[in-house]
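Step one of this worksheet: look at the structure below.
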Amino acid sequence: MRDLLERWKREISLKIEKIYGEKVKSEEIIIDFPPKAELGDATTNVSFAVSKKTGKNPSEIAKDLSSLKLENVIKIENRGPYLNFFIDRTKILNYLYPFSKKDKRRNEKIIVEHTNINPNKSAHIGHLRNAILGDTLVRSLRFLDYNVEVQNYIDDTGVQVADVVVAFEKMLGLNLKEVKEKERERRDFDIYCSEIYSKVQKWYEDDEKNLKYRYETLHLIEKGGNETEQMAIFISQKMVACHLRTMFNLNIKYNLLPFESDILKSGFFEECFEMMKERGALEYVSDEKDDKLKGCWVMRLSQNKEFEGLKDADKVFLRSNGTATYLAKDLSYQMWKFGLLKKDFHYRKFENCPYEIYRTSTRENDSKGNFGKGSKVYNVIDVRQSYLQKIVKEGLRILGFEREADSSIHFSYEMVALSTNFIKEEIEKGKIEKIDEEELKKPFLEMSGRKGLSFIADHLLNELFERAKIEIGQREKELDEDEKCDRAKKIASSALKYYILKFTKNQIVAFDLKSALSFDGETGPYIQYAGVRSMNILRKADEKGIDVPEINEENIEKHFPELDDESWQILSLFLRIPFVVEKGIDNLEMSIIARYLFEISKSFHNYYQKVPVIAEENEEKRAAKLLFVSIFSKVFKSVLDELMGIEIPKRM
RNA sequence: GUGCCUGUAGCUCAGCGGAUAGAGCACCUGCCUCCUAAGCAGGGGGUCGUGGGUUCAAGUCCCGCCAGGCACACCA
């Protein structure tokens, strides 16, 4: 399709030169899609550009240009200043998905990092937004035939996990064996850990003396070779397994789990630190100086225009106690992703996962792998970390890695907050503790683990699942449990994904349970239902012994001249798929893709209502319609799956 | 203080400088003997926060203002 449009542009450019003697380069010509289907399959407003050069009336120009002859175009209509193109329907198979995948993009590897949930808490709806946006980006890139590696970074060091260990060992007095038993008892181990993590925070507040356990524990974990370290490893592994399971339920998968502890042990930081020093990018704040940063190695950014006006433009890289800051770890990791470090991890399979996934390792006998070395890196991280992402990028630039700095893309999006209406309902149900009245006057509140303001991903998915089961039960009384669960799972997952994806990235999602649980209107199930309806028609045809023409060029040439406009208009929407996906990626706006799929569904529902297929009396026309439905069904199903990981249930 | 984001229908939100400003929800009216209504058709409902500017054309671009949110740690 893209090649075809390029050829059109060249033709249009030549024609303009021939008529007016003015040159409008083919790159300047924009071929777009008209706002309404009856206006054709493609459109251009090139007349305005010509008008600018010649001073002629744009509508006149459009009229002159409508005499063009373009490849596979059956009719060109001028409507006011616009030129509308109507494509030869019998040629659609050349441009329809599955497209001939001949792009030369395979050599390039793109790395997408998303999800990144700390292994001390359960996934909440904020993490869902991250994972769903990240996964849709990954799917879109793969759809356009890019080679993509998905990484889910695990921050298993630092106080987060240590606090859970303190909770088990010191607050609850459990040893490793007992913790393992606890894990076997509770399938929702992540939720249990979140709970005790929150309790241990209070435990610290109640008696400051308890804080000493945090540092003792941190020290023991760092030193290694003891049961405390073993417990920390056990907890983070199990937590990660829980997170992977939650995301797997949404059809979201990863290729590699880089563990922060491995980054530290592999010496990435030291290598990066040396390079930074060599480039003179770091400055040591000497102990003699009366500076609050004395004893630290800092990145001086105050001279940098980008960072003007900051309160404090010096970022600590190495703390005065000799440990690396988040910035330092992140920069080292980012460098590794681009293959800029000499050092590399070892790799081994991560067990406890329903599909094949690797984790980083520092064990000498684990294998070498072909991870990292990307040419472009997308980091899916919410907008609150923009500042740090900017510094990481600047770090690459300072080190002279201009290309890598430019190829480091922060996919930033707004947070998920809780709508106060929802919070009020939860307070009434006793699920959330009472909070300040003043706070409740705002439209939404940021989630906070400390205040207990959060909504757990698995709980939401469960509510959706149960609701779907009820709806299914109302429609089909005698359905076996397995089939019912399978359908409910697909419906719940799509409802959740669409709910998140329909928002643009800069819009704060003020989470509201009622709209999240909706299956009507602009929702995932609505989209799935369009697919189900197309299958219903085909099934009915089969039951009645009506022949559905096979999808091939011969049949299309034979039947499509009989095709009604309504059918064609839906197929015409399919022609835009690669352009829509590309636009989504260029703008990092996944809602474009989601809403486009909703638009297609809407046209099909409309068609289903308006156009009888099986009941069509004219056999020729019926064959054409059935061929259309068959194409719709196939393409729609594969596009939904590939772009959003949404599967269509057998029936709804 | 500096920077980023948001402001469009009662509510939640779409709207890459171009065709009559849209969708979903909510409300009202119709449509199940039909390819199952998780659907369809129709209706009411808008000074696109505000004041300037650029343009043949501005909800969209530029500047100012107002209102909300976020970020700027030896936390990640």
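Please read these numbers as outputs of a predicted model, since none were measured by experiment. Below, read A as the first sequence line, B as the second, and so on, with proteins coming before strands; counting in each chain starts at 1.
Within 4.0 Å (heavy atoms only), Ile546(A) reaches no atom of the nucleic acid at all. Counting any heavy atom pair closer than 4.0 Å across all strands shown, Ser386(A) reaches no nucleic acid atom. Residue contacts shown for Ile508(A) are limited to sugar-phosphate atoms, with no base heavy atom under 4.0 Å away. Within the nucleic acid shown, Val383(A) has no heavy atom closer than 4.0 Å to any nucleic acid atom. Using a 4.0 Å heavy-atom distance criterion, Asp155(A) is classed as a sugar-phosphate-only contact. Using a 4.0 Å heavy-atom criterion, one finds that Tyr526(A) contacts the sugar-phosphate atoms exclusively. Within the 4.0 angstrom heavy-atom criterion, only backbone atoms of the sugar-phosphate kind lie near Phe598(A); the bases stay farther away. As judged by a 4.0 angstrom heavy-atom cut-off over every strand, Leu327(A) is placed among residues making no nucleic acid contact.
Spacing between A57(B) and A19(B) at atom C1', rounded to whole Å, works out to 12 Å. Using C1' as the reference atom, C13(B) and C48(B) are 14 Å apart when rounded to the nearest Å. Spacing of P atoms, G44(B) relative to C4(B), comes out at 42 Å, to the nearest Å. Remark: the separation of the P atoms in G17(B) and U6(B) is 14 Å, to the nearest Å. Nucleotides U47(B) and A9(B) place their C1' atoms 13 Å apart, quoted to the nearest Å. Taking atom P on both C66(B) and G51(B), the two are 15 Å apart, rounded to the nearest angstrom. On the C1' atoms, C16(B) is 14 Å away from A58(B), given to the nearest whole Å. Nucleotides C27(B) and C70(B) have their P atoms positioned 33 Å apart, rounded to a whole Å.
Under 4.0 angstrom from either OP1 or OP2 of C74(B) there lies no side-chain N or O belonging to Asn321(A). Residue Asn45(A) places none of its side-chain N or O atoms closer than 4.0 Å to OP1 or OP2 of A19(B). Between Arg475(A) and the phosphate of A38(B), there is a side-chain N or O to OP1/OP2 separation shorter than 4.0 Å.
Ring orientation note: the planes of Phe598(A) and Tyr526(A) are tilted relative to one another, at an angle of 30° to 60°. Relative ring orientation between Tyr499(A) and Phe503(A) is described as perpendicular, the plane-to-plane angle rising above 60° on a 0-90° scale split at 30° and 60°.
The nearest whole Å value for the distance from the CD atom in Glu566(A) to the C1' atom in C40(B) is 14 Å. Going from atom CG of Leu517(A) over to atom C1' of G24(B) covers 16 Å, rounded to whole Å. Here the P atom of nucleotide G39(B) and the CZ atom of Arg651(A) are 19 Å apart, to the nearest Å. Atom CE of Met299(A) is separated from atom C1' of C72(B) by 15 Å (rounded to the nearest Å). Nucleotide A57(B) holds its C1' atom 14 Å from the CG atom of Asn57(A), rounded to whole Å. To the nearest angstrom, P of A37(B) lies 4 Å from OH of Tyr529(A). Separating the CZ atom of Arg384(A) from the P atom of A71(B) is a distance of 7 Å, rounded to the nearest angstrom. For Gln389(A) and C72(B), the CD to P distance is 13 Å, given to the nearest whole Å.
Between the side chain of Ser47(A) and the main chain of Ser59(A), no donor-acceptor pair closer than 3.5 Å is present.
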Sequence neighbours left out, cut at 3.5 Å: what donor-acceptor pairs do the side chains of residues 114-126 of chain A make with other protein atoms?
| unit_1 | atom_1 | unit_2 | atom_2 | d |
| --- | --- | --- | --- | --- |
| Thr115(A) | OG1 | Tyr254(A) | OH | 2.6 |
| Asn116(A) | OD1 | Tyr153(A) | N | 3.1 |
| Asn116(A) | ND2 | Glu113(A) | OE2 | 2.3 |
| Asn120(A) | ND2 | Gln160(A) | OE1 | 3.2 |
| Ser122(A) | OG | Ser194(A) | OG | 3.1 |
| His124(A) | ND1 | Gly126(A) | N | 2.9 |

For residues 540-547 of chain A, tabulate all N or O donor-acceptor pairs below 3.5 Å that involve a side-chain atom, not counting sequence neighbours.
none

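In C65(B) the base sits anti relative to the sugar, since the glycosidic angle is further than 90° from 0.
Here the side chain of Gln507(A) is nearest to one of U6(B), A76(B), A38(B), namely U6(B).
With hydrogens and angles ignored, a donor-acceptor pair under 3.5 angstrom links the side chain of Asp32(A) to the base of C16(B). In this model, no side-chain donor or acceptor of Thr325(A) finds a partner on the base of A76(B) within 3.5 Å.
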Nucleotide pairing, RNA chain B (Watson-Crick or G-U, distances under 3.5 Å), in dot-bracket with [ ] and |: (((((((..((((....[...)))).(((((.......))))).....(((((..]....))))))))))))....
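Between the side chains of Thr43(A) and Asp32(A), not a single donor N or O lies within less than 3.5 Å of an accepting N or O. Judged purely by distance below 3.5 Å, without hydrogens or angles, the side chains of Glu260(A) and Thr157(A) pair a donor atom with an acceptor atom. For the residue pair Lys337(A)/Asn379(A), the side-chain donor-acceptor check at 3.5 Å is satisfied.
Checked against the 6.0 Å centroid criterion, the rings of Phe604(A) and Tyr607(A) qualify as a close aromatic pair.
Mapping Ser591(A) and Pro34(A) onto RNA chain B via the closest heavy atom, the residue that lands nearer the 5' end is Ser591(A).
Both tests do not hold together for Arg129(A) against Tyr413(A): distance to the six-membered ring centre under 6.0 Å, angle to the ring axis within 45°.
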